[in-house]
K.L.:
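Quick one: this structure, given as C-alpha cells, is what I'll be asking you about.
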Amino acid sequence: MDKTFTARRRRDLIIAAALAGLAALAPLFIKDVYVQNIMILTLMYAALSQSWNILSGYCGQISLGHALYFGIGAYTTELLFTKFGVLPWFGMLAGGMTAAIIAMGLGYPFFRLRGHYFVIATIVIAEIGLLLFQNWEWAGAAMGITVPVRGDSWLKFQFMRSKLPYFYFALVLCSLAWFVTWWLEDSKWGFWWRAVKDNPEAAESLGVVVFNSKMGAAAVSAFLVAIGGAFYAQFLAYIDPESVMGFQFSLLMALPAVLGGIGTLWGPVLGAVILIPMTELTRSYIGGSGRGVDLIVYGALIVAISLALPQGLVSLFSRSKAKGATR
C-alpha cells in the first residue's frame, strides 16, 4: 500500500508539472485577449478553490465567508500601495499574513460551532466585513480605490499592453496552491485534517489536537486566498467592497471544488477548468438579454452535473480505474 501511495503521489506531481508546462505554452498559440482573460480567471479561481478546499474539503469546516480574506488581501495591498507607496509584492505578503491572523482570531470562537451553525457564522462575518469596508472612509468606502497605473512594470506589478504577465502570475499562484495542498496531503497536518473531518471525537481520542488542526487549516487557507485577492486587485487596477468582498466570491471559491470533488487534490482544478469558462461564456453570449437566461443555463448545468456525479467529476476517473482493475 505504501508503494502504491508513493507511486500515486509521484505520478500526481509529474502530471501537474506537465500540465503547468503545457499551460505556460498556451499564450504562444492563443492571442485572443478575451480568451486570455478567461484563462487568467480560470487559473485564479482554481488557486482560490484549492485554497478553500484545504479548510473545507480536507478539514471539513465548510466556509461560505472566504470573500472576507479575498477582500482583505486586495485592500491591504492597495491601501499600502496608494497611501504609503509600498510595492504590491510586499503588500501581498502583508495581506496574506493579515488574513491568516484574522482567520485564526475568528476561528477561536467559530471552531466551537459545528455544522450549519459554523456555515452561517462564516457568512455573517463576511457580510459584516463588507459593510465595514463600505463605510470606511479612509479605505474609499463605497467609492473604492483606483490604483494609479503608470505603464508596464514588474516592480509595481502593473501592465497595460499585455495580459501575459498576469497570466503567468496566475499560473504560478495556481501551481503554488496545488503544490502546497499536495505537500500537506501527506504530512502530519493532512492526516490530522482528514481525521477531524471524518470523526472529531475519534481523532481526539487518538491524540489529534482538533482545535489546533482547524486553526492551522484556516491560516493556510486564508493566506493563499488573500494572495489571490491581492492579485485580482492589481489585475483590475480598481477595487470597491462589492467587487472583492461580495458573496459571489465565496460561492465561486466553493463551487469548483464541489463540482470537481471536495476534499480531493484535483477536484478544484478540474471544477475551475469547467466552471469558470462556462460562467464567462454564458454571460457573454446569452447574458445580454437582461432576463438572466445565462444564470438559468449556468445553474441548470451545475445541478445536472451535481446530480449525475454527487462525488464530483474526479469520481469519473476513479470509476474508470476500478473498471480497468476488474477486467
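Being a predicted model, the structure only gives us computed values, none of them experimental.
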K.L.:
Run the ring-centre check on Phe169 versus Phe235 and record whether the distance is less than 6.0 Å.
P.N.:
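For Phe169 and Phe235, the ring centres are not under 6.0 Å apart.
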
K.L.:
Side chain of Asn53, backbone of Gly263: donor and acceptor closer than 3.5 Å?
P.N.:
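Indeed, once roles are kept as given, a pair shorter than 3.5 Å links the two residues.
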
K.L.:
Mind checking ring-ring contact (aromatic ring centres under 6.0 Å, His included) for Phe133 and listing every partner two or more places apart, or none if nothing turns up?
P.N.:
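For Phe133, the residues satisfying ring-ring contact (aromatic ring centres under 6.0 Å, His included) (neighbours in sequence not counted) are Tyr75, Trp136.
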
K.L.:
Would you say Phe81 and Phe90 are hydrophobically clustered, going by side-chain heavy atoms of ILVMFWY under 4.5 Å?
P.N.:
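Hydrophobic grouping puts Phe81 apart from Phe90.
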
K.L.:
Assess the residue pair Val208 and Ser213 against the criterion (side chain to side chain contact (heavy atoms under 4.5 Å, CB included)); give the C-alpha distance rounded to whole Å, side-chain angles, the decisive distance to 0.1 Å, and a yes or no.
P.N.:
CA-CA 8 Å; Val208 175; Ser213 298; 3.8 Å; yes

K.L.:
Is any side-chain heavy atom of Pro277 less than 4.5 Å from a side-chain heavy atom of Thr42?
P.N.:
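SC-SC contact between Pro277 and Thr42 confirmed.
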
K.L.:
For the residue pair Lys214 and Cys59, establish whether any side-chain heavy-atom pair is separated by less than 4.5 Å.
P.N.:
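Yes; the side chains approach each other to less than 4.5 Å.
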
K.L.:
Spell out, as yes or no, whether a donor-acceptor pair under 3.5 Å connects the side chain of Ser315 to the backbone of Gln311.
P.N.:
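Judged by distance alone, no pair lies under 3.5 Å.
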
K.L.:
Mind running side chain to side chain contact (heavy atoms under 4.5 Å, CB included) on Leu265 and Trp178 for me, showing each step along the way?
P.N.:
CA-CA 7 Å; Leu265 183 62; Trp178 185 93; 3.5 Å; yes

K.L.:
How long is the span from the OG1 atom in Thr279 to the CG atom in Leu275, to the nearest 0.5 Å?
P.N.:
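Thr279 OG1 to Leu275 CG: 4.5 Å, rounded to 0.5 Å.
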
K.L.:
Taking the side chain from Asn135 and the backbone from Leu131, do they hold a donor-acceptor pair closer than 3.5 Å?
P.N.:
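Answer holds: yes.
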
K.L.:
Taking all non-hydrogen atoms of both residues into account, name the closest pair between Ala226 and Gly95 and its distance.
P.N.:
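Closest pair (atom of Ala226, atom of Gly95, distance): CB-O, 3.6 Å.
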
K.L.:
Does any non-hydrogen side-chain atom of Gln134 lie less than 4.5 Å from one of Pro241?
P.N.:
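Yes, at least one pair of side-chain atoms sits under 4.5 Å.
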
K.L.:
Quick one: does any side-chain atom of Asp152 pair with a main-chain N or O of Met160 as donor and acceptor, under 3.5 Å?
P.N.:
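At least one qualifying donor-acceptor pair exists.
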
K.L.:
For the pair Glu185 and Arg9, find out whether any cationic side-chain nitrogen is under 4.0 Å from an anionic carboxylate oxygen.
P.N.:
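The answer is yes: the pair qualifies as a salt bridge.
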
K.L.:
Starting from the C-alpha separation in whole Å, work towards a yes-or-no answer on side chain to side chain contact (heavy atoms under 4.5 Å, CB included) for Leu171 and Ile40.
P.N.:
CA-CA 8 Å; Leu171 178 59; Ile40 292 170; over 6 Å; no

K.L.:
Report yes or no: do Tyr166 and Val147 belong to one cluster of Ile/Leu/Val/Met/Phe/Trp/Tyr joined by side chain heavy-atom distances under 4.5 Å?
P.N.:
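Tyr166 does not cluster with Val147.
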
K.L.:
So Trp52 and Ile262, side chain to side chain contact (heavy atoms under 4.5 Å, CB included) or not? Walk me through it.
P.N.:
CA-CA 10 Å; Trp52 177 89; Ile262 190 169; 3.8 Å; yes

K.L.:
Would you say Val149 ends up clustered with Met92 if hydrophobic residues are merged whenever their side chains have heavy atoms under 4.5 Å apart, either directly or through other cluster members?
P.N.:
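Each belongs to a different hydrophobic cluster.
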
K.L.:
Can you pull the salt bridge (charged side-chain N to carboxylate O under 4.0 Å, His left out) pairs that have at least one residue in residues 112-134, sequence neighbours excluded?
P.N.:
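Non-adjacent pairs meeting salt bridge (charged side-chain N to carboxylate O under 4.0 Å, His left out): Arg114-Glu201.
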
K.L.:
Could you report the tightest heavy-atom contact between Ala67 and Gly246, atom names first, then the distance?
P.N.:
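Smallest interatomic distance, heavy atoms only, reads CB-O, 3.4 Å.
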
K.L.:
Distance-only, no hydrogens or angles: does the Thr76 side chain make a donor-acceptor pair with backbone N or O of Gly73 under 3.5 Å?
P.N.:
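Looks like no, no N/O pair under 3.5 Å.
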
K.L.:
Could you please spell out the steps behind the side chain to side chain donor-acceptor pair (under 3.5 Å) verdict for Ser284 and Tyr34?
P.N.:
CA-CA 10 Å; Ser284 298; Tyr34 174 70; 2.5 Å; yes

K.L.:
Nearest 0.5 Å please: distance from the CZ atom of Phe247 over to the CG atom of Leu252.
P.N.:
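The CG atom of Leu252 is 10.0 Å from CZ of Phe247, to the nearest 0.5 Å.
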
K.L.:
Partners of Phe167 by ring-ring contact (aromatic ring centres under 6.0 Å, His included), sequence neighbours excluded?
P.N.:
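Counting only residues at least two positions away or on another chain, Phe167 forms no ring-ring contact (aromatic ring centres under 6.0 Å, His included).
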
K.L.:
Hey, are the side chains of Lys156 and Gln234 touching, using non-hydrogen atoms and a 4.5 Å cut-off?
P.N.:
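Side chain of Lys156 against side chain of Gln234, heavy atoms only: no contact under 4.5 Å found.
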
K.L.:
Work out which heavy atom in Trp154 is nearest to a heavy atom in Pro165; give both atom names and the distance.
P.N.:
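Residues Trp154 and Pro165, closest heavy atoms: CZ2-CB, 3.6 Å.
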
K.L.:
In Å and rounded to the nearest 0.5 Å, what is the CE to NE2 distance from Met245 to His66?
P.N.:
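NE2 of His66 is found 13.0 Å from CE of Met245.
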
K.L.:
Could you label the plane-to-plane angle of the Phe111 and Phe211 rings as parallel, tilted or perpendicular, counting under 30° as parallel and over 60° as perpendicular?
P.N.:
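It falls in the perpendicular class, over 60°.
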
K.L.:
Shortest non-hydrogen contact from Phe110 to Ala121?
P.N.:
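So the minimum-distance heavy-atom pair works out to CE1-O, 3.8 Å.
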
K.L.:
Give every residue pair that meets the salt bridge (charged side-chain N to carboxylate O under 4.0 Å, His left out) criterion with at least one member in residues 46-59, sequence neighbours excluded.
P.N.:
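Applying salt bridge (charged side-chain N to carboxylate O under 4.0 Å, His left out) to every pair that reaches into residues 46-59, excluding sequence neighbours, yields nothing.
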
K.L.:
Which of parallel (below 30°), tilted (30 to 60°) and perpendicular (above 60°) describes Phe157 and Trp89?
P.N.:
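It falls in the tilted class, 30° to 60°.
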
K.L.:
Of the non-hydrogen atoms in Val244 and Ala74, which two are nearest, and what is the gap between them?
P.N.:
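Closest pair (atom of Val244, atom of Ala74, distance): CG1-CB, 4.0 Å.
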
K.L.:
Which of these, Leu41, Ile239, Leu48, Ile227, sits in a side chain to side chain contact (heavy atoms under 4.5 Å, CB included) with Tyr232?
P.N.:
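Going through Leu41, Ile239, Leu48, Ile227 one by one, the side chain to side chain contact (heavy atoms under 4.5 Å, CB included) with Tyr232 is satisfied by Leu41 alone.
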
K.L.:
Under 6.0 Å from the ring centre and within 45 degrees of the ring axis: does the NZ or CZ of Lys197 meet both conditions for the six-membered ring of Trp193?
P.N.:
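Checked: cation-pi criterion not met.
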
K.L.:
Taking the side chain as everything from C-beta on, heavy atoms only, tell me whether Leu281 gets closer than 4.5 Å to Ile38.
P.N.:
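A side-chain contact exists here, since the closest heavy-atom pair is under 4.5 Å.
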
K.L.:
Pairs in or reaching into residues 249-273: which pass side chain to side chain donor-acceptor pair (under 3.5 Å), with residues at least two apart or in two chains?
P.N.:
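Of all non-adjacent pairs touching residues 249-273, those that pass side chain to side chain donor-acceptor pair (under 3.5 Å) are Asp12-Trp266.
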
K.L.:
Side chains of Leu43 and Leu173: does their closest heavy-atom pair fall under 4.5 Å?
P.N.:
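They are not in side-chain contact.
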
K.L.:
Could you grab the distance from atom CD of Gln36 to atom NZ of Lys163, nearest 0.5 Å is fine?
P.N.:
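Between atom CD of Gln36 and atom NZ of Lys163 there are 8.0 Å.
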
K.L.:
Consider only side-chain N and O atoms of Tyr238 and Ser243, and report whether a donor and an acceptor are under 3.5 Å apart.
P.N.:
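Short answer, no.
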
K.L.:
Check whether Phe179 and Val172 end up in the same hydrophobic cluster, where Ile, Leu, Val, Met, Phe, Trp and Tyr are linked by side-chain heavy atoms less than 4.5 Å apart.
P.N.:
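No, Phe179 and Val172 fall in different hydrophobic clusters.
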
K.L.:
Flag the pair Gln61 / Val196 as yes when at least one side-chain heavy-atom distance between them is below 4.5 Å, and no otherwise.
P.N.:
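Of all side-chain heavy-atom pairs linking Val196 with Gln61, at least one is under 4.5 Å.
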
K.L.:
How would you list all residue pairs meeting side chain to side chain donor-acceptor pair (under 3.5 Å) that involve residues 100-111, not counting sequence neighbours?
P.N.:
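Of all non-adjacent pairs touching residues 100-111, none passes side chain to side chain donor-acceptor pair (under 3.5 Å).
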
K.L.:
Of all heavy-atom pairs between Ala170 and Met44, which one has the smallest distance, and what is that distance?
P.N.:
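Minimum heavy-atom separation between Ala170 and Met44: CB-N, 4.5 Å.
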
K.L.:
Which distance, rounded to the nearest 0.5 Å, do you find between the CD of Glu280 and the OG1 of Thr282?
P.N.:
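It is 8.0 Å, given to the nearest 0.5 Å.
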
K.L.:
Any donor-acceptor pair under 3.5 Å linking the side chain of Ser56 with the backbone of Ser63?
P.N.:
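Yes, Ser56 side chain to Ser63 backbone: donor-acceptor pair under 3.5 Å.
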
K.L.:
Decide whether a cation-pi geometry holds between Lys83 and Trp138; the criteria are a distance under 6.0 Å from NZ or CZ to the six-membered ring centre and an angle within 45° of the ring axis.
P.N.:
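Yes, a cation-pi geometry holds between Lys83 and Trp138.
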
K.L.:
Output the distance between atom CG (Leu206) and atom CG (Asn199), rounded to the nearest 0.5 Å.
P.N.:
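One gets 9.5 Å once the value is rounded to the nearest 0.5 Å.
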
K.L.:
Taking a hydrophobic cluster as the set of Ile, Leu, Val, Met, Phe, Trp and Tyr residues connected by side-chain heavy atoms closer than 4.5 Å, whether directly or through intermediates, do Leu251 and Ile125 fall within one such cluster?
P.N.:
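They do share one cluster, since a chain of ILVMFWY contacts under 4.5 Å joins Leu251 to Ile125.
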
K.L.:
So that I know where these two stand, are Tyr58 and Trp189 an aromatic pair - ring centroids less than 6.0 Å apart?
P.N.:
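Distance test on ring centres: not under 6.0 Å, no.
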
K.L.:
Would you verify whether the NZ or CZ of Arg194 falls within 45 degrees of the ring axis of Phe191 while also being under 6.0 Å from that six-membered ring's centre?
P.N.:
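So Arg194 does make the cation-pi contact.
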
K.L.:
Got a donor-acceptor contact below 3.5 angstrom from the Thr181 side chain to the Ala177 backbone?
P.N.:
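Yes, the answer is positive, given that a donor and an acceptor are paired below the 3.5 Å cut-off.
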
K.L.:
With distance as the sole test, does Thr77 use its side chain to make a donor-acceptor pair with the main-chain N or O of Gly91 at under 3.5 Å?
P.N.:
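A pair under 3.5 Å: yes.
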
